[in-house]
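Before any comments, here is the structure.
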Amino acid sequence: MIRTACPLDCWDACAITCDPDRPEKLVATPGHPMHNGALCALLNKHMHETPRIERPRIDGREVSMDEALDAVAEAIKESSPLLWRGSGNLGVMQGVTNLLIERFGGTLTHGSLCDGAGAAGILEGRGVNLQLPPEQIAKAEVVVVWGRNLPVTNAHLMPFVEGKKLVVIDPVRTRLAEKADLHIQIKPRSDVYLALLLARFVTMEDTQNDEWLEAWGTEFDEFYDFTRSFRIKVLLEYMGLSLDDIGDLLTYLQRDRVVFLVGAGVQKYSIGHYTLWAIDSLAATLGLFGREGCGVSYLGNSRQGFVDPFAVKVPTVPIATTPFDRFDTVLVQGGNPAESMPCSQRVVEALKQVKHLIYFGLYENETSRLARIVIPAKSFLEKNDLRLSYGHQYVEPMRKALEGAFGISEYDFTAELFRRLGLEGLKSEEAYLQEWLDQCPEIEGRKVLPDYTPLPYAEGFGEEGGEELVFMDDFDDDFEEIKRFRKARFAKKGFDEGPIEEYWLLTPKQSKSLNTQFVRSDRVHLPPSAGFTEGERVRVASEWGACELQAHIDERLRRDCVLIPAGTIGVNRLTPPILSEEGDAACYQEVKVTLEPIED
Ligand SMILES: Nc1nc2c(c(=O)[nH]1)N[C@H]1C(S)=C(S)[C@@H](COP(=O)(O)OP(=O)(O)OC[C@H]3O[C@@H](n4cnc5c(=O)[nH]c(N)nc54)[C@H](O)[C@@H]3O)O[C@H]1N2
Ligand SMILES: Nc1nc2c(c(=O)[nH]1)N[C@H]1C(S)=C(S)[C@@H](COP(=O)(O)OP(=O)(O)OC[C@H]3O[C@@H](n4cnc5c(=O)[nH]c(N)nc54)[C@H](O)[C@@H]3O)O[C@H]1N2
Ligand code: SF4
Ligand SMILES: [Mo]
């Protein structure tokens, strides 16, 4: 039996055990703290069923691995490369290719397609992003799930929230929302207002945590004044919420042990950092940091606290708006920018301009089909690695269980290119893995992340601790819709009443695909009020592009929202090529879409 971990980009980072004779039936490693007996179908079904790329290709012709690597070496020598790395495999060894880029004066990416806007907001308030350990979540009385879809994206956290008072804040009536004690079916992109309004009411009712604020939040009075600069009535009307809704929410927030589980959903906007900053400021008003059974959980930075042996100083371009056409040689590793980046039509056009587009991955996708050179990768079962998690503190070595008949690991790819290009100085794979592992302390026989603390922020904020929380103190938002709303109010017209011409686009994760891998949808979910019938073809358009999808009538939606799951073919034709105000992140939901039936 071989111990390894799931490589997929998922909160849970499950520890798994592989019987090399039956690699298609992986099991959850018994006794692991995040174990609930089962692994998900993504890993145990869809991954095995997805055909791998077996042969390297050059210009569409199958070649030997040697020939393909020679071609990569030539392309790198000809023009210094851009490396665009996706999140297809979250093992640390994915980073080894940085060393190649460094030697050739190449370029990497910065920013985020994922959690970057929200992460920037956390830094504004707390100065450092420490993970809330699951064992603190287990001690809570009330769990507020705020834009995170636990049963779909984070299923192994479910046992930690069972039996608690559950509040869900989500524009969709998700499975979890149906089970919740309270569901606030919030208007998309309005969480920042909700958080500020709640902080104001908490204070108006004199239920702020004065003792905590005296220690760690002495600028609280200014924050309260700031929350008072928004008009309650306008905000409630804009969000479509009543005073009763706020009252209901407050009864849960005013309990002793409250945890917020915040997900990517709240921050897929230009203002994503403000949302996390506002939620943190609300949590501070309630004194939720550094106390048992309290806290705010978000995607953690699993590399924090490490000295990364693959950290290099090279120029970077934003990952969400990468100007591919400025480079002659581009290496795409573990990703599918042609489909996962926003404004994908533009991305495809830019990728077509690249002279040597090299794709290094497991599966065919929209990017591999555009590539001049295709290099098949080894799967996680066929290589050694180390898995860190953004959802919990446990670190899991990934041991090779199978040889694998084709493909190449990231380490071997790098080593082969070093050799071909006459470079020296690459250490052994073992040495790098040991360097990572040696930095992880062991607690009760388990390796954990270097920055793990059982009770984050108990000793204050900032990188060294000891500092106060910085409350949110400004907010400037000029998204079209809000301006229009203000104008509409001015003209005394109810904005939400009339027929809807432009819908919010929600694009959350779904159960059968992992971003653009595995079983992808071709459907647009529509509220019944949109007037379409099940199965009808629909043209969905935004100012950035359009796609044609099949209607699926979905009662769980607000009347002003459509939902197209992440990974749906063509969804990112609709999304904008812009960066968040902070964090240089993609803003997949900063867009409104129109619907049109397609006549046969
Ligand atoms: N509309 C919309 N778009 C989104 C999102 C959304 O919510 N909505 N979410 C965004 C988010 S959060 C993310 S993280 C990104 C993800 O976007 P990407 O990082 O582009 O990830 P995937 O599209 O899943 O592509 C992963 C690829 O990695 C390759 N791969 C898998 N394992 C390995 C390996 O071991 N080695 C190598 N070399 N390759 C491997 C596979 O071939 C696979 O096709 O998408 C973003 N795009
Ligand atoms: N099965 C599966 N699991 C996955 C992935 C996958 O593709 N498939 N992807 C992985 C990756 S890369 C990531 S980053 C994580 C992300 O995992 P999550 O954090 O759960 O992110 P999402 O699924 O994008 O969105 C979560 C919820 O936010 C809601 N939401 C959308 N807009 C808003 C809003 O404006 N306000 C509020 N309050 N809620 C909103 C959505 O309806 C959805 O229910 O999941 C990981 N796990
Ligand atoms: S739940 Fe997530 S980490 Fe666990 S097996 Fe499934 S994809 Fe992998
Ligand atoms: Mo992500």
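Computed over heavy atoms, backbone and side chain alike; hydrogens, waters and symmetry mates excluded. For ligands, and for the atoms within them, numbers begin at 1 and follow the listed sequence.
- Within the 4.0 Å heavy-atom criterion, neither part of Ile564 lies near ligand 1.
- The shortest separation from a heavy atom of Ala264 to ligand 1 is not under 4.0 Å, leaving the residue out of contact.
- Considering backbone and side-chain N/O atoms, Lys509 comes within less than 3.5 Å of an N/O atom of ligand 1.
- Using 4.0 Å as the threshold, Glu339 has no heavy atom nearer than that to any atom of ligand 1.
- The shell of residues lying under 4.0 angstrom from ligand 1, judged by heavy atoms, excludes Thr575.
- Looking at Asn336 against ligand 1, both its backbone and its side chain come within 4.0 Å, counting heavy atoms.
- In terms of polar-atom proximity, defined here as any N/O pair under 3.5 Å, Asn572 does make such a contact with ligand 1.
- Proximity of Tyr363 to ligand 1, defined as any heavy-atom pair under 4.0 Å, is shared by backbone and side chain alike.
- Assignment of Met341 to the shell around ligand 1 is not supported, since no heavy atom sits closer than 4.0 Å.
- For Phe380, the closest heavy-atom approach to ligand 1 does not fall below 4.0 Å.
- Of the candidates Gln333, Glu410, Arg85, Arg52, the one placing a heavy atom closest to atom 36 (N) of ligand 1 is Glu410.
- Ordered by chain and number, Cys14 SG make up the set of protein N, O or S atoms under 2.8 Å of atom 4 (Fe) of ligand 3.
- Across Arg446, Lys447, Glu135, a single residue satisfies side-chain hydrogen bond (donor to acceptor under 3.5 Å, both in side chains) together with Gln393, and that is Glu135.
- Considering Leu299, Leu90, Asn515 only, the shortest heavy-atom separation from atom 16 (C) of ligand 1 involves Asn515.
- An N or O contact shorter than 3.5 Å is missing between Asp9 and ligand 1 by distance.
- Those atoms of ligand 1 that come under 4.0 Å of a heavy atom in Ser87, given as number and element, are 14 (S), 16 (C), 19 (O).
- Ligand 1 lies out of reach of Phe413, whose nearest heavy atom is not under 4.0 Å from it.
- Proximity of Phe518 to ligand 1, defined as any heavy-atom pair under 4.0 Å, is not found for any part of the residue.
- Comparing Ile375, Thr516, Leu8 against atom 23 (O) of ligand 1, the shortest heavy-atom distance belongs to Thr516.
- Between Pro508 and ligand 1, not a single N/O pair is under 3.5 Å apart.
- In this structure, of Gly570, Gly334, Gly91, the residue bringing a heavy atom nearest to atom 40 (C) of ligand 1 is Gly334.
- Shown in contact with Val571 at under 4.0 Å from a heavy atom are these atoms of ligand 1, numbered in order with element: 1 (N).
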